[in-house]
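Data first, discussion second: the structure below is written as structure tokens.
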Amino acid sequence: MDFTTVEKNLKERGFKVSAFATAKEAADYLNAQIDGESVSFGGSMTLSQMGLFESLGKHNKMFSHWNVPDGMNAAEVLKNASTCDNYLLSANGLAETGEIINIDGTGNRVSSSLYGHKKVWFVVGSNKIAPTYDEALWRARNIAAPKNAQRLGVKTPCAVNGDRCYDCKSPQRICRGLVVLWEAIRSCETEVVLVDEPLGY
Ligand code: SF4
């Protein structure tokens with residue numbers, strides 16, 4: 001995929017950008033950049049697929065509620081995760097025009113994309129990129145969210161039918177907040193790591 005347009009537009013919005021042909025190259029880069037620091041993750045299939053918890057965990061202090069260590073509970077991990085040096089997540093949609101879109105249910109992931117860290121890293125596979133903001137929002141709602149609902153095993157109409165968002169009123173609705181980064185947030189450095197492979201949902 002040609003990243004020229006999205007790279008230019010992200011940079012104009014104040015984001016640092018790096019781009020890689022493969023997930024392996026991106027993982028090597030992140031392991032070189034993040035060393036001897038504290039790191040936390042938003043729940044992310046992209047980061048899981050890249051094995052980043054395991055590789056970064058060899059030389060950093062990790063906090064992930066998907067990997068709760070012995071002696072801690074998930075709430076303690078989440079509290080530590082909200083203030084550590086580096087926060088890694090992906091995007092549910094990235095517009096070529098530069099807006100980064102995420103939908104969340106618990107809120108830890110989107111809140112950490114906005115505040116509390118020295119640096120936020122969005123790791124984004126080529127499948128997450130759509131030409132316009134409206135199309136990126138559509139993908140976040142109709143592709144990413146239903147697949148996440150299926151992964152979580154909830155009984156929402158999107159998970160049952162597996163085709164689109166129904167803007168449901170289900171008590172198990174996973175889509176409870178939407179965050180769009182129009183520009184890089186002032187309080188921390190934000191880097192978008194583009195990967196020319198499909199990753200996550
Ligand atoms: S709002 Fe409901 S139907 Fe739509 S994606 Fe979220 S959980 Fe599924």
Side-chain angles (χ1 to χ4, degrees), residues 1 6 9-10 13 15 23 40-50 52-53 63-68 73-75 77-79 81-82 87-117 120-183 185 190 192-195 197-201:
M1 179 175 192
V6 69
N9 287 326
L10 284 166
R13 291 172 184 268
F15 298 104
S40 60
F41 282 8
S44 163
M45 293 307 293
T46 294
L47 305 180
S48 291
Q49 272 177 254
M50 291 172 70
L52 282 167
F53 184 85
F63 297 101
S64 166
H65 62 294
W66 281 15
N67 295 274
V68 177
N73 59 41
V77 172
L78 282 170
K79 194 171 174 192
S82 67
Y87 195 82
L88 277 72
L89 73 165
S90 187
N92 295 138
L94 169 60
E96 275 195 288
T97 44
E99 298 93 341
I100 304 172
I101 297 167
N102 268 308
I103 294 170
D104 207 354
T106 304
N108 61 303
R109 187 168 56 101
V110 293
S111 63
S112 269
S113 74
L114 296 170
Y115 194 75
H117 307 284
V120 172
W121 306 79
F122 287 92
V123 184
V124 184
S126 53
N127 54 319
K128 306 287 188 73
I129 300 174
T132 65
Y133 168 75
D134 285 343
E135 287 164 289
L137 177 61
W138 185 91
R139 112 160 281 287
R141 297 197 71 184
N142 291 285
I143 296 176
K147 285 188 173 168
N148 276 314
Q150 287 183 324
R151 173 178 60 81
L152 293 166
V154 293
K155 299 285 181 273
T156 54
C158 63
V160 172
N161 297 320
D163 52 355
R164 64 176 173 88
C165 172
Y166 291 78
D167 198 14
C168 69
K169 298 287 182 284
S170 166
Q172 291 191 305
R173 174 174 169 136
I174 65 164
C175 310
R176 291 170 183 262
L178 170 76
V179 165
V180 179
L181 281 186
W182 287 315
E183 303 261 333
I185 288 294
T190 306
V192 181
V193 179
L194 301 169
V195 183
E197 285 181 5
L199 288 167
Y201 304 147

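Excluded from the calculations below are hydrogen atoms, water molecules and symmetry mates; all remaining heavy atoms, backbone and side chain alike, are included. Just follow the structure's listing: the first ligand is 1, and inside any ligand the first atom is 1.
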Discussion item. Run the side-chain contact (heavy atoms from CB on, under 4.5 Å) test on Val123 and Phe41 for me, step by step, so that the C-alpha distance in whole Å, both residues' side-chain angles and the decisive distance to 0.1 Å come before the verdict.
Written reply: CA-CA 11 Å; Val123 184; Phe41 282 8; over 6 Å; no
Fill in: Trace of the side-chain contact (heavy atoms from CB on, under 4.5 Å) decision for Leu47 with Phe53
CA-CA 7 Å; Leu47 305 180; Phe53 184 85; over 6 Å; no
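Among all non-hydrogen protein atoms, the one lying nearest atom 2 (Fe) of ligand 1 is Cys168 SG, 2.3 Å. Of the protein's non-hydrogen atoms, the one nearest atom 3 (S) of ligand 1 is Tyr166 N, 3.2 Å. Looking only at protein heavy atoms, the nearest one to atom 8 (Fe) of ligand 1 is Cys158 SG, 2.2 Å. Protein heavy atom at the shortest distance from atom 4 (Fe) of ligand 1 is Cys165 SG, 2.3 Å. Nearest protein heavy-atom neighbour of atom 7 (S) of ligand 1: Ile174 N, 3.6 Å.
Not close to ligand 1: Arg164, with no non-hydrogen atom less than 4.0 angstrom away.
Side-chain contact check for Lys155 versus Ser170: every heavy-atom pair is 4.5 Å or farther apart. The closest side-chain heavy-atom distance from Asn92 to Asn148 is below 4.5 Å. Val110 has its side chain out of reach of Leu89: every pair of non-hydrogen atoms, C-beta onward, lies at least 4.5 Å apart. With a 4.5 Å cut-off on side-chain heavy atoms, Thr46 and Val124 do not count as touching. For the pair Leu94 and Phe122, the minimum side-chain heavy-atom distance is 4.5 Å or more.
Contacts between Asp167 and ligand 1 below 4.0 angstrom, taking non-hydrogen atoms only, involve the backbone exclusively. At a 4.0 Å heavy-atom cut-off, ligand 1 does not touch Ala149 at all.
For ligand 1 and Ala145, the ligand atoms under 4.0 Å from any heavy atom of the residue are 5 (S). Set against the non-hydrogen atoms of Arg141, the atoms of ligand 1 under 4.0 Å away are 5 (S).
Atom 8 (Fe) of ligand 1 lies at 2.8 Å or more from every N, O or S atom belonging to Cys175.
The local environment of CZ in Arg141 is sparse, with at most 12 non-hydrogen atoms from other residues, nucleotides or ligands closer than 6.0 Å.
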